[in-house]
Each structure stands twice: as structure tokens, then as C-alpha cells.
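Chain letters run A, B, ... following the sequence lines, proteins first and then strands; every chain starts at 1.
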Number of protein chains: 2
Amino acid sequence: MGRKTTKSGKIRLTEVAKLAGVSPITASRFFRNPEALSLAKRERVDSAVKELGYVPNLAARALASHRTEVIGVVIPSLTNNVFADVLRGIYDSSEGSRYSIQLANTRYSILQEEKLLRLFRAQKPAGLIVTGINQTADSRAILESMNCPVTQIMEIGDSPVDMMVGFSHYDAGFAAISHILAQGRRRIGFLGARMDPRVQRRFEGYREAMKAASLFDPNLIVTTTVPTTVTLGGTLFADLVARTPDIDAVFCVNDDLALGVLFECQRRQISVPRDLAIVGFNDLEFMASAVPSLTSVRTNRYEMGRHAVTMVIEAIEGRRPEVPVLDLGFQLMVRESSTALDT
Amino acid sequence: MGRKTTKSGKIRLTEVAKLAGVSPITASRFFRNPEALSLAKRERVDSAVKELGYVPNLAARALASHRTEVIGVVIPSLTNNVFADVLRGIYDSSEGSRYSIQLANTRYSILQEEKLLRLFRAQKPAGLIVTGINQTADSRAILESMNCPVTQIMEIGDSPVDMMVGFSHYDAGFAAISHILAQGRRRIGFLGARMDPRVQRRFEGYREAMKAASLFDPNLIVTTTVPTTVTLGGTLFADLVARTPDIDAVFCVNDDLALGVLFECQRRQISVPRDLAIVGFNDLEFMASAVPSLTSVRTNRYEMGRHAVTMVIEAIEGRRPEVPVLDLGFQLMVRESSTALDT
DNA sequence: TTGTATGCGTTATCAG
DNA sequence: CTGATAACGCATACAA
């Protein structure tokens, strides 16, 4: 009397095996290691699967095998374009594989991060990708106790939990300032928002470059912990100009701020780059399109996502990388907004 | 000799129950329906859980209960800011609940969407959120066979699979054009990229508004299926000007294109809005900040995400909405770029 | 290459 | 309010 095609919950591996005339475990192997089956049985199982419309039960699989096929990804923001690119890389690279991505958003809160990591631990992910290197001690402990490959992304540093892929925000900040200095600018303002750990390291790059040139001056610095927007760029710039009118360049910790500064300059008839050089960070697509085109520091976000997933998957499958830390570097994209001063 | 605190895999509900002096099923109920326990046992279980550091096994739970606590979300793009906002709403609203979000990216491919839906079906999600109303017949069939609440987002239409939250892209396009016409403009160009179903409906709004004013002219239209960028906005605009030099306004299907048009105008010394009015779509944050500030159609993306999750969760828990279709509307944000022509 | 026996950790069912 | 028993659907280990 038992139905089988309807009430889709009914078709188990057993049914498939029965129809194919094999044992359940052979049918099971068909999915995990098809090559281990004789061609004949492989085809029999294959058609049985199709005929019955068999859909594997992931929960049963996970319970029996003690592992899932999900890779957890912990990022601090969904609205930040930077992470959108990283995520694209992650999803693109994971698609070919059998792993699926589970995303979690900390909103830049390390306590929230801790909570999410606890949640992940309950789920026994096959691998984990987390943003940055500033986890709490508890978070680190969780990560280390998780018995799965972990890749930290966006930046690099000593003492990785496991693997890392990113670049040095300090170096990138330093390089940006060195470039501006090389153009003959001296009063270089710093505009910062959000001030997360990576932004702070860019700031350190700025500070050290300025100090090395004996040009550091606290009056050149305007920061806020408020999230970044284009509008905020204009506001911060207005603050900076009010306090320090003689600036001849501005380094913005991201491109949204830089665009806001450009608009504010247009509003105030400040000529860019003649009166003011502008340099952003991340090299979002619009930077090249702006008038004047805006200099920025390109970061390889999409590649970061791709590498992170690849490294994790390789590690899951036993092929650990020779070096656990991958530096993807950055490129200074010099454009009109930071050309040399006429002298 | 058996450890228990280390090798965290060891602690099962049984261990908790033993320590608390109750049966496993009572310990189980502690998590799902604490009120059903006597205060005494509840406290005993509670401390046992804490003492042992018990972590529930989600796979076992899913297998035994025939349901998971994940809500699947299917979107066409991760880099599009529009979806970033929707996702933020989704994640924000899901956080308080016990449901976790599983994200899938179709990259605007309806075949990929079909594939992903099949994958979801294997996972027996508690609920599903999908983008748009243009699923393939197969996709629709899968959705309908899934036995869980489904919410379609971003737009509304007849014949929802289950529930819907969005707005009419046709109406929004029509309203934008009506506004431009009311400013005295006559030669209104249309710039479109990507041309996904929602963009096409905005186009239909444009077309009908123009036809109603007897101003429709194919030469005013430039579209491409290429993904949107700011740079592309400039390129499309250049094409349009080359073909139809006498335009006095441009409607862009999104804000990135609009920004690109603005930059291109700056490059060509075309005065906005004097020579050309510009209207975008979505009202991304930078629109208000641009010089001149750019008119756009605000869509309530964050709220869309929030409502979608809330509706799904409510439905999962048996409280279906009175009306299955929620229209969140749109607002025309009139700014400097589309003020009236001097006459 | 294939199959048998057994267990994974939890919850549903129904009785008390 | 509490508990005993029996699934849930699949994979591991080992044997053939």
C-alpha cells in the first residue's frame, strides 16, 4: 500500500538500492565515490536515482559521517562593497565544489563574532573563513578548537590561527602617502571613518610615512567611528578644511570618502588636483570614471575570496599549502587626482 | 577512563540528562519548550548543560525532527548594492530568531536558479526567499513542491507562488518619466544595462509614459545586457548623444549609470540640469551628495528584506498573513539634477 | 568490487 | 509534567 513517488520524503537510498538491485551501501558509494563501482552497477544506480527522483538527506549524511559540507564565512559587513567582491570570489570558487557557503555578519562587533563562531561550532563546518586578525581570545580559542581548516582573510600578520590570505594595510597606507609626498605635497590630510582594525593599520602607515618626512601634524587628521558614506566624506573634509585650511592633499581610508571629498571640492570650487590632491583606497570601479579620475590603492578582493576558499577546500581534503600565509599585495592606481604640483 | 570535557564531540544530550538526573527526552524538551518542564528540572538541566558545555548536534536534530531551521535566500547578484541592502535587512531580522540564513547567488541566470532550488530542496529549508517573479516553469514547480513558506521579493505581480513583498517597477519607471515630463523636458533618453526582468519593467514604464505623451522615439533608447558600472553609464550616454544629440533628459535604470552620465557630462561640459536632466533609480546614498545632487527613485530595500524574513518566519510558525502580497512602494526623490527648464 | 551489521544524536509517539 | 521505545536516513568498519 506504500506510496513512493509522492510525498517526496519517502524515497530513501534503500528504495534506490532496491530498484537498482544492489545493497544500500553500494548506492551510497555511487554518490561519494562513483569510480569504486563497476560500470554496470553504476549505471543501474544512476537510472534508479533518476527514475525515483531521489534526493539525498543531508542531515542523515551529516549525522552518519560526522561532517558537513559547509564552509562558514564570517564577515563584518554586507553593505561594504569591499566584502561584496570578496564574497563573489568565495561563491564563485565554491560553486564547482561540493561545499556550500554559510554566511554570517558580525556588523563589526567582535562580541557578535564570538557568538557566531560558537554557532558555527555547533554546526561542525568543514572549513571556516573569518575576516581579519583581531579576534577576541575566546574567539581564537573557539577557532583553534574547531578541528577544521580556518583561513583569515583581508589582512596578514604573524601567528595565523591556521592560514591567511590578504595584504598589509600598513604598507598600503605607507605607499599611498609616499606617492603623494613624491608629488610635492606636504600638508596631507587623513580622513578616516569606521576605524576598524584594518583602517587603523592604514592610519599607522600614514602616520609613519608622515613622521619619516617630518610632516606629521595631528591637525591634519579627522576621523570618526561612524560608518562610511559618500556624504560623510564631504562632512569630514569640511571639518578638516575648517581646522587646517592649508592642506594640499587628502588621503581617504576608502573610496566612498574620496568621492565625497571630490563632490565637496566641486561645491567649494576647490580645484582637484591643482589645489588639492585626493587619494582613496580599494579602487572601486567608479574611481577611474570620476572627473578628475581618482587615485586609489587597488586591493585584490575577488582573488582574496577565491584563494581563501581554495585554500580551505584543499586543506579539508588533506592538501595543506606549503606556506600558510598568502600575501596578495596591492597596486597604487595613480590617476589625475594626484598628479604633481606645478612649481 | 573516558574523557568528557575535551574532545567536544563526546557530550550528547544523554550525558546532560544523566548529570541532571532526567531522561534524555526531558533534556531535549528543555531546548525546544522550556516552559513544559517543572522549574526544578529546568534548572537542573540548565546547569548540566553549562557544566558540560553541551553543544547540540544540528544534524541529528534535523534528521529526527524532519526539519531544519534554515531559511534559504536566492538572489541574482552579490555585487549589486541593491541586494546588499536587502540582505542586510534579511540578516538583521533573522538574527533574533532561531533561523539561520543560507544564501545562494544565481548571477542572473534562471538555469542557475533552478539548480540552486534543487539544492535547497535537498536541504528541506524551513522557508525560502527568492528574487523576482520570473522563475522557469521547473523552478516554480520545485518551489511549489517544497512544502515550506516562500516569499518572492523585489517586485510584485499576480500569481505569487506563496507570498510577495516588493513594488511595481513599471509604476516606478512611469512615475520617474512623468516627473521629468512635468519639468518641461521632451526628449528623454533611456539608458539601460543588464536588462533583467525588473529593469525591463522599468523600461515598459518609460515606454508607456512616453507614448502617452506622444514622445516615444526608439532613437532615445540605448540598452545593453552587460552588467552595470559607473563607467558604462558614461559609455552608454556617449552612444546616446552620438545618435540623438537633441536630448534634454536621461532616465537611467540605476544610480551607477546616472553617476556615470554625470561624470561624462562634466567631461563634455554639458551643464546639468540646464542642458540635461538626469534621473537615476534606487536612490543609493551618493545620489544626494553628488554635484549637482541627483534625482532618483527610492526603493525600500532594507525594509523589503526585513518584511520578507518576518513573513516567512511567521508563516513557518503558522501565522500566515491576511494578504499574501505586500507592496512597499517607492518614493521619487527630486533633486537638483531634474529641476524645471528655464523658459 | 560489494555487502552486513551497527551506530550517529536527537525527537515523535504515545503511554503514564 | 515525564519517560520508554522506536525511528530518522545514511556512512563507517570490517569482512567477503
Side-chain angles (χ1 to χ4, degrees), chain A residues 2 4 7-46 48-49 52-70 98 121-124 126 147, chain B residues 2 4 7-46 48-49 52-70 98 121-124 126 147:
Chain A
K4 44 172 78 156
K7 292 217 76 184
S8 55
K10 288 254 55 160
I11 297 149
R12 308 194 301 284
L13 209 42
T14 315
E15 273 73 54
V16 175
K18 204 162 292 170
L19 181 62
V22 300
S23 75
I25 190 63
T26 301
S28 168
R29 275 195 268 263
F30 169 78
F31 289 100
R32 291 171 294 130
N33 190 10
E35 289 81 35
L37 300 199
S38 67
L39 204 61
K41 303 219 168 182
R42 201 186 309 173
E43 282 170 353
R44 292 230 300 280
V45 176
D46 187 47
V49 164
L52 296 174
Y54 168 70
V55 175
N57 182 319
L58 268 33
R61 193 176 275 183
L63 181 60
S65 68
H66 296 283
R67 50 199 161 69
T68 61
E69 292 184 338
V70 333
R98 55 200 213 178
R121 185 175 48 181
Q123 219 169 126
K124 303 199 206 310
N147 281 319
Chain B
K4 43 171 79 156
K7 293 219 75 182
S8 56
K10 287 253 57 157
I11 297 147
R12 309 193 301 283
L13 207 44
T14 315
E15 273 72 55
V16 174
K18 205 161 291 169
L19 180 62
V22 300
S23 76
I25 189 66
T26 300
S28 169
R29 275 196 267 263
F30 168 78
F31 289 99
R32 291 171 294 131
N33 190 10
E35 289 80 35
L37 300 199
S38 67
L39 205 60
K41 303 216 169 185
R42 200 186 312 172
E43 283 170 352
R44 292 230 299 279
V45 175
D46 187 46
V49 164
L52 296 175
Y54 168 72
V55 176
N57 182 320
L58 267 35
R61 191 176 276 183
L63 180 60
S65 68
H66 296 283
R67 48 198 160 72
T68 62
E69 291 183 339
V70 333
R98 56 199 213 179
R121 184 175 48 181
Q123 219 168 127
K124 302 198 205 314
N147 280 319

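In the set dG3(C), dG9(D), dT2(D), dT2(D) carries the atom at the smallest distance from any side-chain atom of L37(B). Across dT4(C), dA4(D), dT10(C), the shortest atom-to-atom separation from the side chain of S23(B) is found for dA4(D). Of the candidate nucleotides dT2(D), dT10(C), dT1(C), dT10(C) has the atom nearest to the side chain of T14(B). With dT11(C), dG9(D), dC10(D) as the choices, the nucleotide that has an atom nearest any side-chain atom of H66(B) turns out to be dG9(D). Closest to the I25(B) side chain, of the nucleotides dT13(C), dC8(C), dC1(D), is dT13(C). Among dT12(D), dT10(C), dT2(C), the nucleotide with an atom closest to any side-chain atom of R67(A) is dT12(D). Which of dG9(D), dG3(C), dG9(C) sits closest to the side chain of A64(B) comes down to dG9(C). In this structure, the nucleotide among dG3(D), dG3(C), dT11(C) sitting nearest to the side chain of S28(B) is dT11(C).
The phosphate of dT11(C) (OP1 or OP2) has no side-chain N or O of R29(B) nearer than 4.0 angstrom. Between dT1(C) and R42(A), no contact under 4.0 Å exists linking OP1 or OP2 to a side-chain N or O. Contact annotation: T26(B) side-chain N/O to dG3(D) OP1/OP2 distance is under 4.0 Å. Regarding contacts with the backbone of dT11(C), a side-chain N or O of R61(B) is found under 4.0 angstrom from either OP1 or OP2. The shortest distance between the side-chain N/O atoms of S65(B) and the OP1/OP2 oxygens of dT10(C) is not below 4.0 Å.
Between F30(B) and V16(B), every side-chain heavy-atom pair lies at or beyond the 4.5 Å cut-off. Two residues are said to be in side-chain contact when any heavy atoms from C-beta on lie closer than 4.5 Å; R61(A) and N57(A) fail this criterion. Between D46(A) and R42(A), the closest side-chain pair of non-hydrogen atoms is not below 4.5 Å.
The interatomic distance linking K124(B) (NZ) with dC8(D) (P) rounds to 13 Å, in whole Å. If you take NZ of K41(B) and P of dC1(D), they are 12 Å apart, rounded to a whole angstrom. One can place CG of N57(A) at 16 Å from P of dT10(C), the figure rounded to the nearest angstrom. The distance between atom CZ of R44(A) and atom C1' of dT1(C), rounded to the nearest whole Å, is 13 Å. Distance, E35(A) CD to dT2(C) P: 13 Å, rounded to whole Å. Protein atom CG of L58(B) is 21 Å distant from nucleotide atom P of dC8(D), rounded to whole Å. Residue I11(B) contributes atom CD1, which lies 16 Å from atom C1' of dT10(C) at whole-angstrom precision. Taking atom CG on N33(B) and atom C1' on dA12(C), their separation rounds to 14 Å, with Å as the unit.
Here L13(A) lies in heavy-atom contact (under 4.0 Å) with sugar-phosphate atoms only. Residue P24(B) is classed as having no contact, given no heavy-atom separation below 4.0 Å to the nucleic acid.
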Requested in this report: Go through the steps to decide whether T26(B) and L37(B) satisfy the test side-chain contact (heavy atoms from CB on, under 4.5 Å), and finish with yes or no.
Outcome: CA-CA 8 Å; T26(B) 300; L37(B) 300 199; 3.8 Å; yes
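In plain terms, the two heavy atoms of V22(A) and K41(A) that are nearest each other are CG1-CD, 3.7 Å.
Within a 6.0 Å sphere centred on CZ of R67(B), heavy atoms belonging to other residues, nucleotides or ligands number 12 at most.
Ranked by how close their nearest DNA chain D nucleotide is to the 5' end, V22(B) and L63(B) are led by V22(B).
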